[in-house]
Each structure stands twice: as C-alpha cells, then as structure tokens.
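Everything below concerns the one structure shown next.
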Protein chains: 4
Amino acid sequence: MPRVTEAYKEERRAAILEGALHCFAEKGYAATTIDDIVRHLGISKGAIYNYFSSKEDIYAQIMDSRMNRLVESLRAGDEETASSAAKLRMLVQRMTGQAIEDLRRLLSFHLEYSLYASRHDELKRSIEKHDNAAIAFVAELIAEGKRSGEFRAEVDERLAASMFWALRDGIALDVLSHGGQEEYAQLMRGMEDMLFRYLQG
Amino acid sequence: MPRVTEAYKEERRAAILEGALHCFAEKGYAATTIDDIVRHLGISKGAIYNYFSSKEDIYAQIMDSRMNRLVESLRAGDEETASSAAKLRMLVQRMTGQAIEDLRRLLSFHLEYSLYASRHDELKRSIEKHDNAAIAFVAELIAEGKRSGEFRAEVDERLAASMFWALRDGIALDVLSHGGQEEYAQLMRGMEDMLFRYLQG
Amino acid sequence: MPRVTEAYKEERRAAILEGALHCFAEKGYAATTIDDIVRHLGISKGAIYNYFSSKEDIYAQIMDSRMNRLVESLRAGDEETASSAAKLRMLVQRMTGQAIEDLRRLLSFHLEYSLYASRHDELKRSIEKHDNAAIAFVAELIAEGKRSGEFRAEVDERLAASMFWALRDGIALDVLSHGGQEEYAQLMRGMEDMLFRYLQG
Amino acid sequence: MPRVTEAYKEERRAAILEGALHCFAEKGYAATTIDDIVRHLGISKGAIYNYFSSKEDIYAQIMDSRMNRLVESLRAGDEETASSAAKLRMLVQRMTGQAIEDLRRLLSFHLEYSLYASRHDELKRSIEKHDNAAIAFVAELIAEGKRSGEFRAEVDERLAASMFWALRDGIALDVLSHGGQEEYAQLMRGMEDMLFRYLQG
DNA sequence: GATGAATGAGTGTTCATTCAT
DNA sequence: TATGAATGAACACTCATTCAT
C-alpha cells in the first residue's frame, strides 16, 4: 500500500522532466547542473533520484516524452476531409506559425540531444525509432498524394519525407544562429514553395 | 628550444588545433578534457597554454580556421568557364562526394559549435560573419544565374541561398543519427534535384 | 544527513574555521592547500565548499571571527571596580601571560592576514573596522584615566592607543623571529614600563 | 677567460634583485610569478636561473642585500660630534622623514619576509643575524648614553633597543593597514616622545 | 650567457551521486 | 518519500624549473 498514489508520482515525474527541459534548453545539457534543475523546481536534490537514475536518464526521458507527443500531435492535426497536399501544407504552416522563441529553445534542445545521442548507442536507437516515425508519417502523406495524383508519381516518398525534415531542421538550425521570427517565417514559406514544386513538378 | 621560427610556432598551433578538433569531434566539446587532447597529441599539458588561453579559445579558433578554409575552398572550385547552374551543381556534387565518416565527424563538430556559440554572444558574432560569407557566396552564384537567364527571375537569391545551406545542414544532421554513405548520397542527389526544380521552375 | 539543525551547521562551520586557522598558522596561507585543511580535519574536500565559497573566504571569515572575539574578550576583562590604570595594566599583563607558542602561531596568522588584506581592498576595510575597535577600546581606557587624573592630561588618547597596539604588534613580530617565552615576557614588561612612564609622566 | 666581466655579471644580478624586489613588494612573494619579474625587467626567464637557483634564492638574497645596506646606512648617519641622545633622535627622525609610499612597499616586503623566514630555518638564521646587528647598533647608542649620563642607568640597553625596533615595526605595520604620511609622522613623533621619556626618566 | 617553449606536478573548485536522518 | 550535507573523482589551469638551440 503505497503512501502516495501512482498519479501523484506520475505528476512529480512530469514536473521534473519539464523543469529539466527548461534548464537544458536554456543553458545546454552539459552546462546545466542538477542543482540548477533542483533550484528551478524548488525541490530537493534527492527527490530527483527517486524518479530518475541519473542526469542522463532525465535527458533521455525528456526526449522520449517529447517525441511521443510530437508524433501524436502530427497525427492530431490530420483532418479527414482534406487532400494530401492540403494536409502537408497545413503541417508546414503549423510549423511556420510557431513562436520563434519556443522554437529556438526547443530546437536547441533537440539538436543538442541528437548530437549527444549520436555518440551514445543506447540513445541512438531510440532517436532512430522516433525519427523513423516522423519520416514515416510524412512519407505516408506523400504516398497518399501520389496515389491521388496530387504529387508526381516519380518522387520517392521516403526520400522526400527525409528531405522535408532535413529542410525543417536545417532552417531551425539556421535560425538558431541568426534570424528572428520574420526570417524564420520567410524561410518556412520558402520551404513550402520549394517542397511543393518538387512534389508537384 | 627557444628562438624558434614563427613558422614553427604556427605549425605547432595548427597541430594543436587539429588534435583538438579530432577530440572534440569524437567525444564532443564538454566531454573532451584537456588531458584527452594532450594525450592524443603526445604533448604536455602546459604546452597548450603557450598557444591558447583556454579550452574555449581553442574551440573558437578551430571554428574560425575551419570557416576561413571553407569559404576559401568554396571560391577555389569556381571554374571560370562554367555556367552558374553548372557551378552550383558542381558545388553540390563536391559535397555529395565527401566521405561520410569525415562528414559525420566534422558536422557534429560544426553543429555542436553552433549550438554552443548560440549561447555565447562573443562567439555568436563570429559565426554569423562566417555564415553570411557562405550564404553570400551561394547567393551570388544564384544572382549570376538569374542574370544569365538560367534561373527564374522570381527567386530571391538570398532566401534561396539560405535554403541551400539549411538543406545541406539538415541532411548532415539527419545523417548524423542514421544513414551511411549511400543514404547520404541519395539525399544529396535529392537536394540537387529539389534545388534545381526550385531555381529553374 | 540533511535536515540538520542550525546549531550543527554552525558547529561545522566553526570547526572548519578552526582547522583552517591551524593550517594557515602552521604553514602560511599560500602554502596551505585545501587538501591540507581537509586532511587535518578528516573531512572531504567538497564539504568545505558547502560552508565557504573559496579559500579566501575561509581566510577572511577566520579573521573576522577572531577579531570579534578579541574585542569581546577585551571588554570581558573589564572589572568594574578597578581604576583605569589598573585596567590597562591588567590588559598588558593578560597579554604577557599568553603562552608564546599560541602567540607565535596566532600572531603569524594575524600578521600575514594584515599583509594580505593590505593588498585586497575588500578585506582591507574589514581589517580597518576591527583595528579601529581595538584602538577605540584602549583610547577610551586612557581617556578615563585622563579624566580621573591618573594619566597626564597632555596625552592624545588615540595616538597613545595606536602606539599601545603598535608596541604589542612589534613585540610579537620580534618574537616571531627570535626569542622564547622569557624574552617575550621581558619585552612585555618593558612595554608596560615604557607605556606607564609615557602616560603618567 | 669569461665572455663577460665580473662587473657586468654583478650589475645584472643586482638588477634582477631590484626588479624582483619591486614585484615582491607590489604583489607579495607568493603572488609574484617568475614571469612577472621577467616581464618587469624585460629579460628572459632563463636568464634569471643563470644568476639564482630558485625564486626563494632571489627572495633571500634581496633580503640579505637590503639588510646589509640598512646596517651600513645606520652607521653612516653616525656623526662623530653628536651626543648619544642626539644620535638616537636623529635616527628616529630620519625614519620619520621617509616617504610613506616607499615605506609601505618596503615594509610589507620586510614583514612578509620575516614571516616567511620564521617558517624556514635556513632563512631564519640569517634574519636573526641581521636583526641582532640592528639591535646591537641601537643598544650601543643607548649604552653610550648611559655612560655619558644622558640616559637612566637602570635601563637595560638590549631590552630598550629591542623595544625601539618593536615600536618602529609595529608602527609600520599599523600604517600598512591604514594611515598615510601624516598619521605615520605623528606616530613616529609619539614614538620619539615615548622613547625618550623612557630612557631619560 | 641568453632565450623562451616545454614540462608536469600541483592547485582550487565543481558536481553527479549517495545515504543517514 | 523527501531532504540536503557529504563525498571524491575529475577538471581546467598555473607556474617554477629545465634545457635544446
């Protein structure tokens, strides 16, 4: 008979993940100390270790939870009625509408994590899994478009989907260094334009 | 060993930079210790501090020297006779030809540095300068193509140049996580295709 | 071990201060390493940094606490009934009675600290404050003696008080280099003699 | 047949001593690096080690040379005609006349050296020798005064001489922390007054 | 004799993790 | 479970000294 409910624990876990994400996004993984996180959350240092086994564990779990939500949200926007092209366009536009500040913070987190994971095999696998899900989602959209004749039959949907994400990630990376909201929006419109010319010929 | 020539010192400096780059690319900046670098180079710890003032100084100087060489090499491939489209195609193909292993190592270095610099204002400025040089180079190529009628008059050359690099960086980032030489080459061919459809309409 | 009482922490802080004083007095500030202190106290290196922010912080806080206690102890010996001359004589005699070994250790600490502080403005101010308190205490004694007619009306009490401490410090400095208990006692008796001849004419 | 004359070498040695004294007085022994000295003098690091075996060796030789000159200068002021009391008064007044800035720098050097030497037996012996010479010089003056009836017969000349220097050192120490030229002069006049009252009853 | 690059033991400090309370 | 003081390996950096030129 546990003292605390499962729900309470789950809430606590999520709060720590959120607080840690805030710190990691702000200062970077290596520069963030457990003390930073603990201070930010107003909890004790020990508490963290009741929920996570290490700093790296927190890192990985943040990413995992974010990725799951990302794929969910991808699906969520999926209106039944719309054409494939419309869906894809909507996806780009939802991205375009994101506040640059959120983007910057989150993106730098994602980028750093990818880098980090690329040097740690265990993490690499989970990244790959999630990335594949994201690619598959877009690839499926494109495949639909091909079937409905909206997109050229010659495009390789997996390749195109990979390029979709590469473009998005590259733009985000760019914006990280320079550029504000307007420049980001402009690049995203450029991406939309380029992408549809490619898909539609 | 004093009364050394300037050339000797410059060589030494370059060797340290190279050794450090090797280590940073391998393990990441934060995870690389001065001892790692020193061990890799077979020199003493103190020696490093005769040439650089801190670990971060080394980091910044590696990037600076790499960026300078990148822009130079961009210019170097510039054949006089070729058309703009041919030059641009050549540029993409030179990138496509790169060994994935080199790319992976170098790219992860670049990415990590961009991330790091985005949180350190002094470094940020130098990154921006170099990035602008790279963008300007491609933008000029595209502008030439517009003038010669090879490219659509409507494309904004700066935007297109930005997207050129975003695409390239995004692909590299992708390849960092998964994919090998073949997947990289395929993505780069996709990039070429997408890019020219966009530029040529 | 958390949820410790304030008293426990205060005790710990005091113990570190004491241990550090021991080491600084023995080997000097610069020659004493944090490892020396830690070894002497049988605690871990990190523990020190839970209580103090740096080696210099420890140094300054030792001095502060010693100075506070010194001024307190000066006041503590202050018998109500005695005449001013008797009080002053008592003060000198209490100093004379000190064990030379204690004196040597403590004095070399004080001297070194004064030297150190004289080159560090923040510390300088606190030294001055404490020194002034010590001078003011003796000056008040002398002023009382002047009022009661025990001391010459012409003596400037602040000047005389400064010389009181100069003499004491000078003697201690001397004893640091040579001399043992007997020589110290002799010098202090000489100080008493010289001082009272000066005050009483 | 040496390449350079003895005189040249002696000059060089002296210059290094002087430069090192400047640095030690400014920043303190521990805080002064060989690089500081070398930079101040505009010579090479190796050069120093042609003349001295270590940083400590320099330290000790500075003190040695200063002490020798001090005792010489004490004797130099010794006018034949004057009475003992006049000679002693003159000695105090010469000290009083010193520029506070010189004093501060030099005194902090002396003090620090005494402290340092008190923890290093080899150096301690040489300090004692020099201190004894200084005490003996003043003691002899006082003894003369006793013989000529200028000073009280009861004073112990060695004790009085020790107190003379203690007072002077104590005043200098005081001035190190606070006080400027005027305060110093006032204290020195106080010392003169106190001293003569003691010697003459 | 002069030079100054090289050396590497040594320093103060940090920080993820543990565990007694 | 929560706490936060304790731990100690690890780190970037310093600096007296050496020695090839």
Side-chain angles (χ1 to χ4, degrees), chain A residues 2-5 8-9 12 30-39 42-58, chain B residues 1-5 8-9 12-13 30-38 41-58, chain C residues 1-5 8-9 12-13 30-38 41-58, chain D residues 2-5 8-9 12 30-39 42-58:
Chain A
R3 297 273 178 74
V4 297
T5 64
Y8 169 83
K9 283 175 65 174
R12 206 95 211 276
T32 297
T33 67
I34 294 287
D35 269 315
D36 287 333
I37 298 172
V38 147
R39 209 176 306 124
I43 64 173
S44 80
K45 218 185 308 207
I48 287 203
Y49 288 90
N50 282 331
Y51 296 92
F52 302 95
S53 68
S54 68
K55 190 182 167 189
E56 194 184 76
D57 183 29
I58 300 174
Chain B
M1 202 172 299
R3 285 261 170 79
V4 206
T5 62
Y8 168 86
K9 284 174 66 172
R12 205 93 211 282
R13 242 184 59 88
T32 298
T33 69
I34 294 288
D35 271 315
D36 287 333
I37 298 173
V38 146
L41 284 165
I43 64 175
S44 77
K45 211 184 227 173
I48 286 208
Y49 290 91
N50 282 335
Y51 295 90
F52 303 94
S53 66
S54 67
K55 189 183 167 188
E56 194 184 76
D57 184 30
I58 299 175
Chain C
M1 204 172 300
R3 284 262 170 80
V4 208
T5 61
Y8 169 87
K9 285 175 67 173
R12 207 93 211 283
R13 243 184 61 89
T32 298
T33 68
I34 294 288
D35 271 317
D36 287 333
I37 298 172
V38 146
L41 284 164
I43 64 174
S44 77
K45 215 186 227 175
I48 285 208
Y49 289 91
N50 282 336
Y51 294 90
F52 302 95
S53 66
S54 67
K55 189 182 167 188
E56 195 184 74
D57 183 30
I58 299 175
Chain D
R3 299 273 178 73
V4 299
T5 63
Y8 169 83
K9 284 175 62 174
R12 207 95 211 275
T32 298
T33 68
I34 294 287
D35 269 315
D36 287 331
I37 298 171
V38 147
R39 208 176 306 124
I43 64 174
S44 79
K45 218 187 306 209
I48 285 204
Y49 288 88
N50 283 330
Y51 295 92
F52 302 95
S53 66
S54 69
K55 190 182 167 188
E56 194 185 76
D57 183 28
I58 300 175

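Numbers restart at 1 for each chain; the letters A, B, ... are given by sequence-line order, proteins then strands.
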Separation of atom CG in Asp35(D) from atom P in dT18(F), rounded to whole Å: 15 Å
Between Lys55(C) (side chain only) and Thr32(C) (backbone N and O only), is there a donor and an acceptor less than 3.5 Å apart? yes
Let me know the distance between CD1 of Ile34(B) and C1' of dA9(E), rounded to the nearest Å. 17 Å
Taken to the nearest whole Å, CD1/Ile58(C) to C1'/dT13(E) is 11 Å
Interatomic distance where CD1 belongs to Ile37(A) and C1' belongs to dG4(F) [whole Å]: 16 Å
For Asp57(B) and dC13(F), give me the distance from atom CG to atom P, rounded to whole Å. 10 Å
Kindly compute the distance separating CZ (Arg39(A)) from OG1 (Thr33(A)), expressed to the nearest 0.5 Å. 6.0 Å
Where do Arg13(C) and Tyr51(C) come nearest, in terms of heavy atoms and distance? CG-CD2, 3.8 Å
From the set dC15(E), dG1(E), dT17(F), return the single nucleotide nearest to any side-chain atom of Asn50(D). dG1(E)
In whole angstrom, what separates Glu56(D)'s CD from dA16(F)'s P? 13 Å
When the distance from CD1 of Ile43(D) to P of dT3(E) is rounded to whole Å, what number comes out? 7 Å
Against the side chain of Lys9(A), the closest entry in dT7(F), dT1(F), dT17(E) is dT1(F)
Respond yes when some side-chain nitrogen or oxygen of Tyr51(D) is under 4.0 Å from OP1 or OP2 of dA2(E), and no when none is. yes
Where do Ser53(C) and Asp57(C) come nearest, in terms of heavy atoms and distance? N-OD2, 3.0 Å
First encountered from the 5' end of DNA chain E, between Ala31(C) and Ala47(C): Ala31(C)
Searching all strands shown, indicate the nucleotide that pairs with dT21(E) (Watson-Crick or G-U wobble; both distances under 3.5 Å). dA2(F)
Determine: side-chain N/O of Tyr49(C) to OP1/OP2 of dT14(E), distance under 4.0 Å, yes or no. no
Have a look at Thr32(C) and say if it touches a base, only the backbone sugar-phosphate, or nothing, with a 4.0 Å heavy-atom cut-off. sugar-phosphate
Checking Tyr49(A) against Ile34(A) for the side chain to side chain contact (heavy atoms under 4.5 Å, CB included) test, could you report, in this order, the C-alpha distance in whole Å, the side-chain angles of both residues, the deciding distance, and whether it holds? CA-CA 10 Å; Tyr49(A) 288 90; Ile34(A) 294 287; 3.9 Å; yes
Which part of the nucleic acid, if any, lies within contact of Lys45(C), taking any heavy atom under 4.0 Å across all strands shown: a base, the sugar-phosphate backbone alone, or nothing? base
Please determine whether a side-chain nitrogen or oxygen atom of Ser44(C) lies at a distance below 4.0 Å from atom OP1 or OP2 of dT7(F). yes
Just N and O in the side chain of Arg12(A): are any of them under 4.0 Å from OP1 or OP2 of dT1(F)? no
Between Tyr8(D) and dA2(E), is there a side-chain N or O to OP1/OP2 distance below 4.0 Å? yes
Taking the nucleotide of DNA chain E with the nearest heavy atom to each, does Ile48(D) or Gly46(A) sit closer to the 5' end? Ile48(D)
Euclidean distance, atom CG of residue Asp36(D) to atom P of dG4(E) [Å, nearest integer]: 17 Å
